[in-house]
Amino acid sequence: MRKLLFTFFILHSSFFICPTVAQTTVTYDLTTEASVGTGDYTAFQIATNRHHAVGTRSNTAYLRGAINAEHAFSEDFTLSGGVDAIGSVHADHKAYLQQCYVNLSYQSFFIEAGSREQSQVVRDNLLSAGSFVKGTNAKPIPQIHLGTNGFWTVPFTKQWLQVNFDFGYGKFMDSNFRENRYQQAPEPNIGYTTGAYYHQKHLYLRSNPEKPLFVLVGIEHAAQFGGTNYSRMSGTMTAKKKPANLKAFWDIILPIGDSQYFENESMEDWVYGNHIGMMTYQLGWNINQEHLLQAYLDNPFEDGSGIRKGNDWDGLWGLQYTSKVRGRQYVRGAVIEYFQTTNQSGPLHWDGGDYPEPVRSQITDLVTGNDDYYNHLFYDGYSHYGMTPGNALITSPNYNKDGYTSYRDNRVKAWHAGINGELSEHLSYLLKGSYREGWGTYHNPLPCKHHSFDAMLQGIYSAGPWQFSAAYAFDKGNIYGDCSTFNLKIGYHGKIL
């Protein structure tokens, strides 16, 4: 991270000494936010889908400062970067760099290095419950990646085909966090993993969105690989390390099995790494030039059974309305979603190929279920600093009071809705809520169903460089408990150059 920061300032300094500078812009943002109330946690809708900038603990506050620079060499080439730091009280982390990145863009394409809050590709950042794979709920994972800036219109298709893609590698930075959670747990978990690497990619294809009807299909994929797993067996801690060499970086691109996994005494490695994916099918209808309606399904998968839709009704099923009218709109956007992860391709997983002889030849049946979304035998959980990078309706490990670093409740059914708009030239609002029920996991079902109703109302007032927001949110149920939170946020956006 220090190398990235040094690179950024070197590049930034060059903006001022280069005699052929076309245009340089430097801005800064100062923000303070406080959440106070009752209950064990900050209310779910205030803390969720905000890149973990707000602590999950109750009664928390922070100061935040960011500086961003952009230099346009020409109409085609742009170099930009930013540094964003947060200092918190009574939060999950006291002080840290939330963002630090350098980005080089050429027309519709970019290459970027560092840690940056990424927007969701096809889900609404404000209104949706979030993507199953690459949502906005966890702290950004530092990575080097390349892709398109938004959707790129493919030449020679008469604007009928647009593409959005991203591909990169990164590193999970939460090794100390996982180790501390493990050591502080009153009854230690079986184990935890440190030093894991990250691979992510997505590819979306869309027809012309200006036509009356258009379609979008795509896939997102993320994986954990490398790292060291520490596990407790018969009272003794053992360490097992996975490779992170060039072959591993290649093998993780696709979940391809290892034909030698029996001989390697590593039977969980029949597919290298922990893979999480999502396939999206979306239909858009431009009712007219001012109103857009979209219906979509995000289908989760962790192996071939999910890809074949063997997981029944599992997925995020949604309907979204967007107003493209300029000026004040009482309803700017609205979303209603149904989220289900209870099937997971069935409760059983049995593959004789997972076992050596003579079991392999004696039992030939194949049952590929119990996908156990977000959990993994080696990597314990697909999370970053205890928060899921995916859909927050699957309760993040950070809420496990016993320090458990895996997901205890990934079989859920939930309804989610959100609406926003403008009440005046300066005043806007955001209203959203979720109701969810949980049954635990197939391995460890809950003795009784968990449930929670979580809602929030927020008002935002903007005046020049200033922005003020006030919100009230509450939780009711036995997942997060009964929490009630008032939130106040003040932000200032300034320009240096």
Side-chain angles (χ1 to χ4, degrees), residues 39-50 52 54 56 120 123-133 135-138 276 278 296-300 311-320 334-344 371-375 381-383 386-401 404 406-419 430-457 472-485:
D40 294 332
Y41 302 106
T42 297
F44 176 79
Q45 297 292 354
I46 288 178
T48 192
N49 286 334
R50 297 187 54 194
H52 201 186
V54 176
T56 56
Q120 298 176 103
R123 293 298 142 253
D124 190 292
N125 287 323
L126 286 178
L127 301 178
S128 175
S131 165
F132 184 80
V133 179
T136 59
N137 192 55
I276 300 95
M278 176 188 83
Y296 51 86
L297 164 63
D298 294 341
N299 176 56
N311 54 11
D312 198 50
W313 286 90
D314 282 3
L316 183 71
W317 306 74
L319 190 65
Q320 178 176 347
V335 161
I336 183 168
E337 296 173 329
Y338 173 70
F339 182 62
Q340 177 176 315
T341 61
T342 55
N343 186 274
Q344 304 193 21
D371 292 337
D372 204 11
Y373 296 151
Y374 293 163
N375 283 331
Y382 175 58
S383 64
M387 301 294 280
T388 172
N391 193 301
L393 291 173
I394 296 180
T395 304
S396 294
N398 219 25
Y399 293 96
N400 296 336
K401 293 184 177 180
Y404 196 63
S406 295
Y407 292 81
R408 289 197 177 278
D409 188 11
N410 61 16
R411 298 185 62 236
V412 307
K413 290 182 179 180
W415 284 95
H416 173 83
I419 184 171
L430 171 64
L431 174 65
K432 59 181 180 178
S434 307
Y435 175 77
R436 58 148 292 183
E437 298 175 336
W439 285 264
T441 68
Y442 275 130
H443 288 298
N444 295 292
L446 295 172
C448 60
K449 178 178 65 178
H450 282 185
H451 68 278
S452 184
F453 176 65
D454 319 297
M456 180 191 75
L457 174 62
Y472 171 72
F474 67 87
D475 304 327
K476 293 292 183 182
N478 55 6
I479 296 177
Y480 310 104
D482 293 341
C483 304
S484 179
T485 302

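Side chains included, hydrogens not; waters and symmetry mates left out as well; all remaining heavy atoms used.
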Stepwise, does the side chain to side chain contact (heavy atoms under 4.5 Å, CB included) test hold for Phe44 with Phe474?
CA-CA 7 Å; Phe44 176 79; Phe474 67 87; over 6 Å; no
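- Atom OG1 in Thr395 sits 10.0 Å away from atom CE in Met387 (nearest 0.5 Å).
- There is a side-chain donor-acceptor pair under 3.5 Å between Thr48 and Asn137.
- Contact detail for Leu393 and Ala129: the closest heavy-atom pair is CD1-CB, 3.7 Å.
- Leu430 is listed as a side-chain neighbour of Leu127, based on a closest heavy-atom distance under 4.5 Å.
- Contact detail for Leu446 and Gly438: the closest heavy-atom pair is CD1-O, 3.7 Å.
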Checking side chain to side chain contact (heavy atoms under 4.5 Å, CB included) for the pair Tyr472/Met456: CA distance, chi angles, key distance, verdict?
CA-CA 6 Å; Tyr472 171 72; Met456 180 191 75; over 6 Å; no
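- Residues satisfying the side-chain hydrogen bond (donor to acceptor under 3.5 Å, both in side chains) test with Tyr41, not counting sequence neighbours, are none.
- Listed by chain and number, the residues in a side-chain contact (heavy atoms from CB on, under 4.5 Å) with Leu431 are Ile419, Leu457 (sequence neighbours excluded).
- Applying the side-chain contact (heavy atoms from CB on, under 4.5 Å) criterion to Ala43, with sequence neighbours excluded, gives Ala473, Asp475, Thr485.
- A donor atom on one side chain and an acceptor atom on the other are not found under 3.5 Å apart for Thr136 and Arg123.
- Listed by chain and number, the residues in a side-chain hydrogen bond (donor to acceptor under 3.5 Å, both in side chains) with Glu337 are Ser128, Tyr296 (sequence neighbours excluded).
- By the ring pair (Phe, Tyr, Trp, His ring centres under 6.0 Å) test, His52 pairs with His93, sequence neighbours left out.
- Although no hydrogens or angles enter the test, the distance criterion places no donor-acceptor pair under 3.5 Å between the side chain of Asp454 and the main chain of Gly433.
- Partners of Phe339 by ring pair (Phe, Tyr, Trp, His ring centres under 6.0 Å), not counting sequence neighbours: none found.
- A distance of 12.5 Å separates CZ in Arg50 from CG in Asn125, rounded to the nearest 0.5 Å.
- Under the rule for a side-chain contact (heavy atoms from CB on, under 4.5 Å), the partners of Asp482 that lie at least two apart in sequence or sit in another chain are Lys476.
- Under the 4.5 Å side-chain criterion, counting only non-hydrogen atoms from C-beta, Tyr407 is not in contact with Asn400.
- Thr441 contributes no side-chain N or O that, together with a main-chain N or O of Asn410, makes up a donor-acceptor pair within less than 3.5 Å.
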Set out, in order, the CA-CA distance, both residues' side-chain angles and the distance that settles side chain to side chain contact (heavy atoms under 4.5 Å, CB included) for Ile394 and Asp409, then state yes or no.
CA-CA 7 Å; Ile394 296 180; Asp409 188 11; over 6 Å; no
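- Distance CD1/Ile276 to CG/Asp371: 11.5 Å, rounded to 0.5 Å.
- Applying the salt bridge (charged side-chain N to carboxylate O under 4.0 Å, His left out) criterion to Asp124, with sequence neighbours excluded, gives no partner residue.
- Of the possible polar contacts, none joining the Tyr399 side chain to the Thr56 backbone as a donor-acceptor pair under 3.5 Å is found.
- With sequence neighbours excluded, the residues that form a side-chain hydrogen bond (donor to acceptor under 3.5 Å, both in side chains) with Asn299 are Lys309, Asn311.
- When all heavy atoms of Ala392 and Thr388 are compared, the pair lying nearest together is CA-CG2, 4.0 Å.
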Which is it for His451 and Arg436 under the side chain to side chain contact (heavy atoms under 4.5 Å, CB included) test, yes or no, and what are the steps along the way?
CA-CA 6 Å; His451 68 278; Arg436 58 148 292 183; over 6 Å; no
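- Ser383 is linked by a side-chain hydrogen bond (donor to acceptor under 3.5 Å, both in side chains) to Arg178, counting only residues two or more places apart in sequence or in another chain.
- Interatomic distance, His443 NE2 to Ser406 OG, rounded to the nearest 0.5 Å: 10.5 Å.
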Residues 312-320, side-chain donor-acceptor partners within the protein, below 3.5 Å, at least two apart:
| from | atom 1 | to | atom 2 | distance (Å) |
| --- | --- | --- | --- | --- |
| Asp314 | OD1 | Thr342 | N | 3.2 |
| Asp314 | OD1 | Asn343 | N | 3.1 |
| Asp314 | OD2 | Asn343 | N | 3.4 |
| Asp314 | OD2 | Gln344 | N | 2.7 |
| Asp314 | OD2 | Tyr373 | OH | 2.8 |
| Trp317 | NE1 | Trp313 | O | 2.9 |

Verdict with reasoning, Tyr382 to Phe132, per ring pair (Phe, Tyr, Trp, His ring centres under 6.0 Å):
CA-CA 11 Å; Tyr382 175 58; Phe132 184 80; 8.3 Å; no
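- Remark: Asp40 pairs with Lys401 by the side-chain contact (heavy atoms from CB on, under 4.5 Å) rule, at least two apart or across chains.
- For the pair Ser434 and His416, the tightest heavy-atom approach, listed with the atom from each and the gap, is OG-ND1, 2.7 Å.
- Under the 3.5 Å distance criterion, the side-chain polar atoms of Glu437 are left unmatched by any main-chain donor or acceptor of His450.
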